A.B. asks: 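Structure below; questions to follow.
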Amino acid sequence: MSSSRSRVTTLARHEYRAAVRSRALVSLLLILAVVTLVSIYIAATAYRSALADYEAYVSAAQAGGVQLVAPSPLRLLSLLRGAIEYIEIIGAIIAITLGYLTVSRERANRTLPLLRSRPVTTGELAAGSALGALGIISTLVVATGAVALLCLGIIGGSWATPYEVFKMVLVGIASVVYMFAFYSLGALVTARTKIAANGLLICLGIWLVVVLILPQIGDTLDADNQIPGGLFSAIGVDKAQETEILTHFGTYEFIRTGIEELSFAKHYERFAFAMSDVQDKYQGFTLSQLAREKWHDIVWMFVYASALGFGLWRGFRRQPAISQGVKS
Amino acid sequence: MADPAVEMRGVSHRYTSDPVLRDIDLTIEQGEVFGFLGHNGAGKTTAVNILTTLLVPSAGTARVCGYDVVADRRKVTECIGYLPSDVRLYDHMTATENLEFFAKLSGVSDPRKAAAGTLDYLGSSDLGPLRMSTFSTGMRQRIGIAQAIVHQPRVLFLDEPTSGLDPTGVRQLRETISRLNGELGMTVFMNTHLLSEVARVCSTIGVLNHGELIYKDSMAKTTERFPNEASLEDIYERMESRPA
C-alpha cells in the first residue's frame with residue numbers, strides 16, 4: 001500500500017471511529033433506526049393482512065371455478081416509503097451533523113496544526129475525512145436496507161425477489177449519494193465559518209428550505225394534489241383531458257416544477273419512490289424504462305453531490321491550520 | 001559538515017500591516033537545546049509556526065534538517081516533532097490510540113510498538129488505556145510530548161511546553177528534554193517564558209524583542225558575558241531594556 005493511500009485510510013478510520021464515538025451522532029442514528037423500524041413494521045403488518053385477504057380472494061375465486069383472477073395490487077417495495085422519507089429528512093440531518101463534527105472536532109481539540117505538522121497533504125486530509133464519512137453513511141444505509149429486507153420477509157410474509165433487491169440496492173446508492181451531499185454541505189459551511197456552531201445553524205436553515213419548504217411549495221401549487229385521489233379524477237376528467245387542460249397552464253407548471261427541481265431532496269425522493277413502486281404509474285416498469293423516466297433526477301442528484309463534494313475538497317485544501325499572514 | 005538543524009535567513013512575517021518577525025537570521029546546529037525567549041507577542045510562536053510548515057513566511061527562507069519549509073514541506077514534516085501550546089489531542093480516544101494515529105500518519109511501520117515504547121520511555125505506560133477526556137493538564141502534556149516524539153524526529157519543536165504545569169510537571173518536562181537530547185540526540189527548539197528552566201536545560205538561547213532577534217549565544221558564553229547578573233532573569237531584563 002502506498003504511503004499516501006495508507007495515510008488516507010488512517011484518516012478515514014479515524015473519522016469513522018470519531019463518528020461512532022460521538023454521543024450526538026449515535027443518538028441521531030438511534031432515532032433514525034427506531035422510526036424506520038417502526039415505519040417498516042407497521043407497513044409490513046398491514047401488508048401481511050392485505051396479502052391474506054388477497055390469498056383468500058384467490059382461493060375463493062378458484063373454488064368457485066373462476067378462471068381469471070385479478071392480479072395482486074400489493075407492491076412489496078412500497079412498504080419502504082416511510083424509510084425513504086426518514087432518510088430524506090433525518091438522514092440529511094445526520095449527514096449535516098457528521099460534516100459539522102468533522103470540522104468542529106479538529107477545532108475544539110486544536111489538532112489541525114498537529115495533523116498539518118505531519119507529512120499529510122490537505123488533499124489527503126479531505127479525502128480521508130470524506131472516505132470515513134462515506135463509510136459511516138454506507139454502514140447506516142446497508143444496515144437499514146438489511147433490516148428492511150428481513151422485516152418485509154418475516155413480518156410482511158413476502159420475501160423480495162432478486163429484481164426487487166436490485167432496485168433496493170439502487171435506492172441505497174442514491175441514499176448514500178444524497179447523504180454524502182449533505183455531509184459535504186455540513187463540513188464545507190462549518191469550515192468556512194469562524195464559529196463552528198454558526199455553520200451548523202446555516203446548514204440546518206438550508207436543510208429546512210431544501211428538504212421541507214421547497215418540496216412543500218411544489219406540492220401545494222400542484223392542483224391535482226389538493227384532493228385525495230387527485231382533483232381531475234374527482235371531477236371526472238380523464239388523462240387526455242387533463243393533459244389538454246394543463247397545456248393552458250404551461251408557465252405555471254414550469255414555475256411549479258422549477259421550484260421543486262431546486263430541491264435536491266425532491267430529486268432523491270422522486271427517484272427512490274419510482275424504484276420502490278411507491279407511485280402507481282411506475283408499477284411494472286423495467287429498469288430501462290425507469291431510467292428513461294428518471295434520468296434527469298439521477299443527473300441532478302449527481303450534479304448536486306459532485307458540486308458539494310468538489311466544494312468540500314477545495315474548502316479543505318484552502319483551510320489553513322492557523323491564520324496565515326501577508327506576503328511582502 | 002552536516003546541515004544545521006534549523007536555519008532562518010531574512011525571515012519576516014506580518015499578519016496585517018505590522019510585522020511580527022523582522023529579518024530573522026538564525027542558525028541552530030544539530031544536537032543543541034535552543035531556548036527561544038521573548039515577551040508575549042514577540043513573535044516566538046510565529047517563528048515556530050513557520051519552522052513547522054504551518055505558516056508561509058512573508059519574506060525570507062527557512063530550512064529545517066536541510067530542507068526548505070515551503071518547497072520541501074513533506075521532507076520537513078518527516079523529520080520534525082511538534083508540541084503546540086495548550087495541546088488537547090482527541091478526547092474520544094485513549095492515549096495509546098492517539099499515539100498510534102499520529103505514528104501511522106508519520107509512516108511508522110509498527111505504530112502499536114512505537115506508541116507502547118514511547119509511553120514506556122516517558123514513564124507514562126499507565127496512561128495508555130485511558131481516555132484523554134479524563135486527563136489533567138500535566139497528563140495531557142506528557143501525552144502531547146509522546147505524540148511529538150513517537151516517530152523519533154530529528155528536531156523537536158516545543159511551544160510554551162511548561163504553560164499550565166505545576167512545579168513537578170515542569171521538573172519532569174526538564175528531565176524529559178534532557179534525556180531526549182542526551183540519549184536520542186534530538187535537537188530541541190523551545191519557546192518558553194520560564195527562564196529558570198532555560199538556564200537549566202538549554203545549551204543555546206535566543207532573545208526575540210518585538211519581532212527582532214536581539215541576542216543569540218550559548219548559555220556558557222551568556223553567563224560569561226553578563227558576570228554581574230545573578231540570574232537569567234536579570235540578563236533577560238537587561239537585554240530587553242537595551243534599545244533595538
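Owing to the predicted nature of the structure, the values given are computational and were not obtained by experimental measurement. A, B, ... follow the sequence lines: proteins, then strands. Residue 1 opens every chain. Scope of the values below: all heavy atoms of this structure, side chains included, with no hydrogens, waters or symmetry mates.
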A.B. asks: Any Lys/Arg nitrogen of B:E78 or A:R118 sitting under 4.0 Å from an Asp/Glu carboxylate oxygen of the other?
C.D. replies: no

A.B. asks: Only pairs under 3.5 Å count here: list side-chain donor-acceptor contacts from residues 123-138 of chain A, not counting sequence neighbours, and write none if there are none.
C.D. replies:
unit_1: A:E124; atom_1: OE1; unit_2: A:R7; atom_2: NE; d: 2.9
unit_1: A:E124; atom_1: OE1; unit_2: A:T121; atom_2: N; d: 3.1
unit_1: A:E124; atom_1: OE2; unit_2: A:S4; atom_2: OG; d: 2.8
unit_1: A:E124; atom_1: OE2; unit_2: A:R7; atom_2: NH2; d: 3.2
unit_1: A:S129; atom_1: OG; unit_2: A:L125; atom_2: O; d: 2.9
unit_1: A:S138; atom_1: OG; unit_2: A:L134; atom_2: O; d: 2.7

A.B. asks: Does any backbone or side-chain atom of B:R140 lie under 4.5 Å from a heavy atom of chain A? Answer side chain, backbone, both or neither.
C.D. replies: neither

A.B. asks: Starting from the C-alpha separation in whole Å, work towards a yes-or-no answer on side chain to side chain contact (heavy atoms under 4.5 Å, CB included) for A:T111 and B:F101.
C.D. replies: CA-CA 12 Å; A:T111 38; B:F101 171 65; over 6 Å; no

A.B. asks: Side chain to side chain contact (heavy atoms under 4.5 Å, CB included) with A:L114: which of B:V87, B:L105, B:T52?
C.D. replies: B:V87

A.B. asks: Relative to chain A, which segment of B:M93 carries a heavy atom at a distance below 4.5 Å: side chain, backbone, both, or neither?
C.D. replies: both

A.B. asks: If I measure from the heavy atoms of chain A, does B:T53 come under 4.5 Å with its side chain, its backbone, both, or neither?
C.D. replies: side chain

A.B. asks: Going by an N to O cut-off under 4.0 Å, is there a salt bridge joining B:R88 and A:E106?
C.D. replies: no

A.B. asks: Between B:H151, B:R73, B:K75, which residue shows the highest count of heavy-atom pairs closer than 4.5 Å to chain A?
C.D. replies: B:R73

A.B. asks: Counting C-beta onward and ignoring hydrogens, is there a side-chain heavy-atom pair between B:K104 and A:H14 closer than 4.5 Å?
C.D. replies: no

A.B. asks: What part of B:E100 gets within 4.5 angstrom of chain A, counting heavy atoms only: side chain, backbone, both, or neither?
C.D. replies: neither

A.B. asks: Side chain from CB out, backbone as N, CA, C, O: work out which of these in B:F102 comes under 4.5 Å of a heavy atom of chain A, or both, or neither.
C.D. replies: both

